[in-house]
Amino acid sequence: MARRPGTDLNWSDVTPKAEFLNRRQVIAGAAAALGIGAGPAMAKIAAKPSAYSTDAAPNTLKDITSYNNFYEFGWDKGDPVKHAHQLTTDPWSVEIGGMVERPGSYGLEDILANVTLEERIYRFRCVEAWSMVIPWVGFELASLLNRAGVQPGAKFVAFETLYRPNEMPGQRAGGIDWPYREGLRLDEAMHPLTIMATGLYGEELPNQNGAPIRLVVPWKYGFKSIKSIVKITLTDREPVTTWKALQPREYGFYANVNPEVDHPRWSQATERRVGAGIFAGREPTLKFNGYEDQVAALYSGMDLRKNY
Ligand SMILES: Nc1nc2c(c(=O)[nH]1)N[C@H]1C(S)=C(S)[C@@H](COP(=O)(O)O)O[C@H]1N2
Ligand SMILES: [Mo]
């Protein structure tokens, strides 16, 4: 990991070499399927298809935009769609700081003008044992972190949601120590599956889904995929994260989807696909939410029961 400042950091730089070589063909195949960049994300986003997309059938736009967890707008699944229209998402900027070469406030338009937007159809698994398939539009977080220039000593990435209680009624109530915070290990953040989403179904991200920019980490429980991000900090120690701080025995820092490690209060072996209908059976939950081939190497040698 010894690098000169300003050098682009790739997933391979934070991944043991042998593991990277095993995956080169996957990466090469994906790269070939992609192409050139797209313009800023305005309504009707031009986004290229991705080899990382699942071929599972996506949920309907209605399911994805009316059954939400966004506690800034209330605790019920139907609260975000009722209240999130209050949120002002333009202008928007993301403050990138900590162990980076080029700290500063990055405007959303400027961020979008310098990335490649892709459609990524991902499986999405909430820790509450429901799931969806969501056609996100977004770009690899790695490209943004490289733009800011990650310093050699950085090991984690911390994220914060907007704190604006006058537009977010849930923030006027207690329960959570706002703002909502999340974090990733640097190698997780640099992984090509990790994206910043700015749209879904080829349109701008609806407010209830985390407009205008949110994280999506498809192999982890949904609470890691923090919404409406205003701050990204590179750090050398594990950052405080909202759910772990609230209930450390139930929610860990890693939160990798794992059917073999139950939540203390319910099984994680199966899941309910939202919208599948009341006669559809539960589906088996897949290790790393079906992304095991791509991400298992990030955790080789780790006890996944201890690091839940
Ligand atoms: N800021 C913020 N981000 C958040 C949450 C939240 O309450 N606040 N909920 C998380 C949880 S628990 C889930 S399951 C997903 C839900 O994303 P969706 O509503 O777009 O499906 O967002 C995650 N990101
Ligand atoms: Mo969740």
Side-chain angles (χ1 to χ4, degrees), residues 58-84 87 89 92 94 120-138 158-165 167-184 194-201 203-232 239-247 250-252 255-257 263 265-266 268 271-275 285 289:
N59 277 78
T60 62
L61 183 64
K62 184 154 194 281
D63 283 343
I64 297 168
T65 58
S66 60
Y67 187 88
N68 299 100
N69 275 335
F70 199 167
Y71 298 113
E72 285 84 342
F73 296 103
W75 286 86
D76 291 337
K77 297 285 182 288
D79 285 337
V81 67
K82 276 185 237 157
H83 302 297
L87 179 65
T89 59
W92 194 275
V94 181
R120 294 276 180 108
I121 307 171
Y122 280 167
R123 304 164 56 82
F124 188 88
R125 169 61 156 83
C126 174
V127 74
E128 298 163 334
W130 53 265
S131 65
M132 297 200 205
V133 174
I134 305 183
W136 303 109
V137 173
F159 305 86
E160 277 184 31
T161 293
L162 176 73
Y163 180 69
R164 192 183 284 160
E167 291 184 359
M168 294 174 140
Q171 289 182 338
R172 304 198 288 266
I176 287 178
D177 177 22
W178 309 105
Y180 193 102
R181 277 165 285 184
E182 258 309 331
L184 295 172
T194 302
I195 60 167
M196 296 292 273
T198 57
L200 67 82
Y201 264 117
E203 309 258 358
E204 281 186 346
L205 205 56
N207 284 5
Q208 62 268 34
N209 294 93
I213 185 166
R214 60 96 56 89
L215 182 70
V216 177
V217 193
W219 70 94
K220 292 179 179 286
Y221 291 121
F223 68 84
K224 298 294 291 183
S225 292
I226 178 173
K227 296 174 168 182
S228 304
I229 294 167
V230 292
K231 193 170 178 186
I232 299 177
V240 171
T241 53
T242 291
W243 288 99
K244 183 178 174 184
L246 261 179
Q247 212 46 272
E250 301 192 358
Y251 309 103
N256 292 314
V257 175
H263 185 278
R265 293 184 279 128
W266 59 84
Q268 295 290 26
E271 63 200 50
R272 175 179 68 87
R273 178 64 52 83
V274 172
T285 287
N289 200 25

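Keep in mind that what you see is a predicted model, and the values were worked out from it rather than measured. Computation of the quantities below employed the complete heavy-atom set of this structure, encompassing side-chain atoms and omitting hydrogens, waters and symmetry-equivalent molecules. Just follow the structure's listing: the first ligand is 1, and inside any ligand the first atom is 1.
- The distance criterion of under 3.5 Å between nitrogen or oxygen atoms is not met by Tyr67 with respect to ligand 1.
- Here is the list of ligand 1 atoms found below 4.0 Å of a heavy atom in Asn209: 18 (P), 20 (O).
- The backbone N or O of Val127 lies less than 3.5 Å from a partner atom in the side chain of Trp266, making a donor-acceptor pair.
- For Tyr71 and Trp243, the ring centers are positioned less than 6.0 Å apart.
- No hydrogens or angles considered: nothing links the side chains of Ser131 and Arg125 as a donor-acceptor pair under 3.5 Å.
- Taking all atoms of both residues into account, the shortest heavy-atom contact from Pro239 to Ala158 is CB-CB, 3.6 Å.
- Looking at Ile64, Val137, Ile121 one by one, the single match for side chain to side chain contact (heavy atoms under 4.5 Å, CB included) with Leu200 turns out to be Ile64.
- Distance from atom 3 (N) of ligand 1 to its nearest protein heavy atom, with residue and atom name: Lys227 N, 3.1 Å.
- Side chains of Trp219 and Tyr122: a donor-acceptor N/O pair is absent below 3.5 angstrom, by distance only.
- Listed by number with element, the atoms of ligand 1 under 4.0 angstrom from any heavy atom of Cys126 are 14 (S).
- Remark: side-chain polar atoms of Gln171 are paired, donor with acceptor, to backbone N or O of Arg164 under 3.5 angstrom.
- Distances between N or O atoms of Trp136 and those of ligand 1 include no value under 3.5 Å.
- The protein heavy atom nearest to atom 23 (C) of ligand 1 is Gly222 O, 3.3 Å.
- Atom numbering of ligand 1 starts at 1 in the shown order; those under 4.0 Å from a heavy atom of Ile226 are 3 (N), 24 (N).
- In this pair, Tyr251 and His263 present their aromatic rings tilted. The plane angle is within the 30 to 60° band.
- With hydrogens left out, the protein atom closest to atom 7 (O) of ligand 1 is Tyr71 N, 2.8 Å, a heavy atom.
- At a heavy-atom distance under 4.0 Å, only side-chain atoms of Tyr180, from C-beta outward, approach ligand 1.
- Contacts between Phe124 and ligand 1 below 4.0 angstrom, taking non-hydrogen atoms only, involve the side chain exclusively.
- With a heavy-atom cut-off of 4.0 Å, Glu72 touches ligand 1 through its side chain alone.
- In terms of protein heavy atoms, atom 24 (N) of ligand 1 is closest to Ser225 O, 2.9 Å.
- Per-residue contacts place Arg214 under 4.0 angstrom from the following atoms of ligand 1 (heavy atoms of the residue considered): 15 (C), 17 (O), 20 (O), 22 (O).
- The closest donor-acceptor contact from the side chain of Arg214 to the backbone of Asn209 lies under 3.5 Å.
- Of all protein heavy atoms, the one lying nearest to atom 9 (N) of ligand 1 is Asn69 O, 3.2 Å.
- Ligand 1 has no nitrogen or oxygen under 3.5 angstrom from a nitrogen or oxygen of Trp130.
- Using a distance-only test at 3.5 Å, with no hydrogens or angles considered, a donor-acceptor pair links the side chain of Asn59 to the main chain of Val274.
- Contact annotation: for Glu182 versus ligand 1, there are no heavy atoms closer than 4.0 Å.
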